[in-house]
Number of protein chains: 2
Amino acid sequence: MRLPEGVEWALHCTWLLTLARDGDALPARRLAEFYGLPEAYLAKLLKALVRAGVLSATSGPRGGFRLARPPEAITVAQVVEAVEGQSPLFHCMEIRQRGPVPLTGAACRKPCGIAKVMHRAERAWRKELAATTVADLVETSGIGAVTRVSTWLATLPGAS
Amino acid sequence: MRLPEGVEWALHCTWLLTLARDGDALPARRLAEFYGLPEAYLAKLLKALVRAGVLSATSGPRGGFRLARPPEAITVAQVVEAVEGQSPLFHCMEIRQRGPVPLTGAACRKPCGIAKVMHRAERAWRKELAATTVADLVETSGIGAVTRVSTWLATLPGAS
DNA sequence: GAGTATTTACTCGGATACTCGCTGTCCGAGTAGGGCCGG
DNA sequence: CCGGCCCTACTCGGACAGCGAGTATCCGAGTAAATACTC
């Protein structure tokens, strides 16, 4: 099993938009160009981020995407959930209720031990993702990564 | 994204084999019957558990699967990895090295902040899975689940 | 009855199709900036 | 020169194909028990 690659793209783009939040909005065309990604599919992901309230979109010339909230209020978990949907990694199929001797009734009110462990692990995973904000990502970015973005932003047509 | 359903099946079967470890080996046919699962596909998963050293298989009449190690020495993480393969949930594609202004050289020796967060979260996930053994699952099982298995095992042809 | 060779039925093991979600793509609706015209 | 109108080009938004991992399945190799036969 593997997390969709789009999660990584969404995180990188959100990080980039944080660095550029004082300037104009960046269209999907530019973001895809910067990271060498397929434009149309990246637009699909950014759309999901807009629906989740992480980004805001502007149509028309000089339009594009920008952060909908300050980066301190955007966690990595929220970006992941925006792309992935909020479906849990583990969904118990209740196979204990199947077969010739099904276990049903009051015995199944509580999840089984396997589901408990999987859910506990998933909570630990999400907790770590929620503990880091996009602002934290920017702060811990290497100086090389930041200057790389600044240099590229300066080459854009609408650079101030 | 969703974990494969086979992970759940493998965990339930390992748990069941722990309860039955004093008796005969259980063939995939019986396990699939008990949980109402497709026999051939379950056999494929059990095969993976054998390759991982979690189960041992015996061919021929009265053959089947049993635990290869005491249940205290089998963690949930090992069962998950046996089925899933040990590929990580998040694999950084290094998109920072792509595009018109690639970031290459010494700046990419260390993983980016996004990869760090994802890896940290994944370690937390695996740590929780490794903290629980199959023996723990049996101990915390409800009495209903245990009696259900005992009742069913008694109906088997080779029941002692 | 005991031992042995044979038969038999049952098991795992690997190789082979099918299905759904992630990936990738397209065109249409909407918007805002720029250009043109008239006053 | 200034204001208003129109046009254009650019953006997002939703709907439509392609591929790979997961799902499902089959048949062959191997084994151990049960059987039949012989002594």
Side-chain angles (χ1 to χ4, degrees), chain A residues 1-10 13 17 24-33 35-52 54-66 68 80 82-91 93 95 156-158, chain B residues 1-10 13 17 24-33 35-52 54-66 68 80 82-91 93 95 156-158:
Chain A
M1 191 251 326
R2 221 177 59 205
L3 265 75
E5 204 175 347
V7 171
E8 184 181 358
W9 302 359
C13 287
L17 288 172
D24 293 332
L26 285 176
R29 176 111 167 75
R30 296 298 178 191
L31 289 166
E33 176 190 352
Y35 285 117
L37 302 176
E39 174 189 343
Y41 185 42
L42 181 63
K44 185 188 189 74
L45 298 174
L46 295 173
K47 188 184 65 171
L49 289 170
V50 170
R51 273 199 296 258
V54 174
L55 301 183
S56 67
T58 310
S59 292
R62 299 184 70 84
F65 296 91
R66 66 189 75 204
V80 172
V83 175
E84 280 301 303
Q86 53 191 7
S87 64
L89 275 72
F90 179 82
H91 179 61
M93 299 302 284
I95 64 174
L156 263 54
Chain B
M1 193 254 324
R2 220 177 60 204
L3 264 75
E5 203 176 345
V7 171
E8 184 181 359
W9 302 359
C13 288
L17 288 173
D24 292 333
L26 285 177
R29 176 112 167 75
R30 296 297 178 192
L31 289 166
E33 176 190 352
Y35 285 117
L37 302 176
E39 173 190 343
Y41 184 41
L42 181 63
K44 184 190 188 74
L45 297 174
L46 296 173
K47 187 182 67 171
L49 289 171
V50 170
R51 273 198 298 259
V54 174
L55 302 183
S56 67
T58 308
S59 292
R62 298 183 71 84
F65 296 91
R66 65 189 74 202
V80 172
V83 175
E84 279 301 303
Q86 53 191 6
S87 63
L89 276 72
F90 178 82
H91 179 62
M93 299 303 284
I95 63 173
L156 262 54

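In what follows, chains carry the letters A, B, and so on, assigned in the order in which the sequence lines appear, proteins first and then strands, with residues in each chain numbered from 1. Excluded from the calculations below are hydrogen atoms, water molecules and symmetry mates; all remaining heavy atoms, backbone and side chain alike, are included.
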Please say which of B:Leu49, B:Thr58, B:Val50, B:Leu26 ends up in a side-chain contact (heavy atoms from CB on, under 4.5 Å) with B:Phe65. B:Val50
Non-hydrogen atoms of B:Asp24 and B:Arg66 that approach each other most closely: C-NH2, 4.4 Å
Counting heavy atoms from C-beta on, name the nucleotide in D:dG13, D:dA33, C:dT25 closest to the side chain of A:Pro38. C:dT25
Of A:Arg51 and B:Glu84, whose closest DNA chain D nucleotide lies nearer the 5' terminus? A:Arg51
Measure CG/A:Leu17 against P/D:dC12 and give the value in whole Å, please. 11 Å
For the side chain of B:Phe65, starting at C-beta, report the closest nucleotide among C:dC22, C:dC12, C:dG24. C:dC12
Given atom CE of B:Met93 and atom C1' of C:dC22, what is their separation to the nearest angstrom? 13 Å
Taking OP1 and OP2 of D:dT23, is either one under 4.0 Å from a side-chain nitrogen or oxygen of B:Tyr41? yes
What does A:Ala28 touch in the nucleic acid at a heavy-atom separation under 4.0 angstrom: a base, only the sugar-phosphate, or nothing? sugar-phosphate
Just the rounded figure in Å: distance from C1' of C:dC10 to CG of B:Leu156. 15 Å
Quick one: is B:Arg30 getting a side-chain N or O under 4.0 Å of the C:dC10 phosphate, OP1 or OP2? no
Expected output: side-chain A:Glu5 to main-chain B:Met93 donor-acceptor under 3.5 Å: no
Round to a whole Å and report the spacing from NZ of A:Lys47 to C1' of C:dG28. 13 Å
Do B:Pro4 and A:Met1 come within less than 4.5 Å of each other through their side chains, counting heavy atoms only? yes
Under 4.0 Å, counting only non-hydrogen atoms across every strand here, what does B:Glu39 touch: a base, just sugar-phosphate, or nothing? nothing
Would you mind telling me which residue lines up with the more 5' stretch of DNA chain D, B:Ala40 or A:Ala43, judged by nearest nucleotide? A:Ala43
Rounded to whole angstrom units, what separation is found between the CG atom of A:Leu89 and the C1' atom of C:dG21? 15 Å
Give the rounded distance in Å between these two atoms: CG of A:Leu42 and P of C:dC26. 15 Å
Contact nearer the 5' end of DNA chain C, comparing B:Lys44 with B:Ala57: B:Ala57
Checking A:Glu39 side chain against A:Ala32 main chain: does a donor-acceptor pair fall under 3.5 Å? no
Rounded to whole Å, how long is the line connecting atom OH of A:Tyr35 with atom C1' of C:dT23? 20 Å
Which is more 5' along DNA chain C, the nucleotide nearest A:Leu45 or the one nearest B:Pro61? Just name the residue. B:Pro61
A:Arg2 side chain N/O closer than 4.0 Å to the phosphate oxygens (OP1, OP2) of C:dG21? no
Rounded to whole Å, CD of A:Glu8 lies from C1' of C:dC22 at a distance of 15 Å
A:Ser59 side-chain proximity, nearest of D:dA33, C:dC12, C:dT31: C:dT31
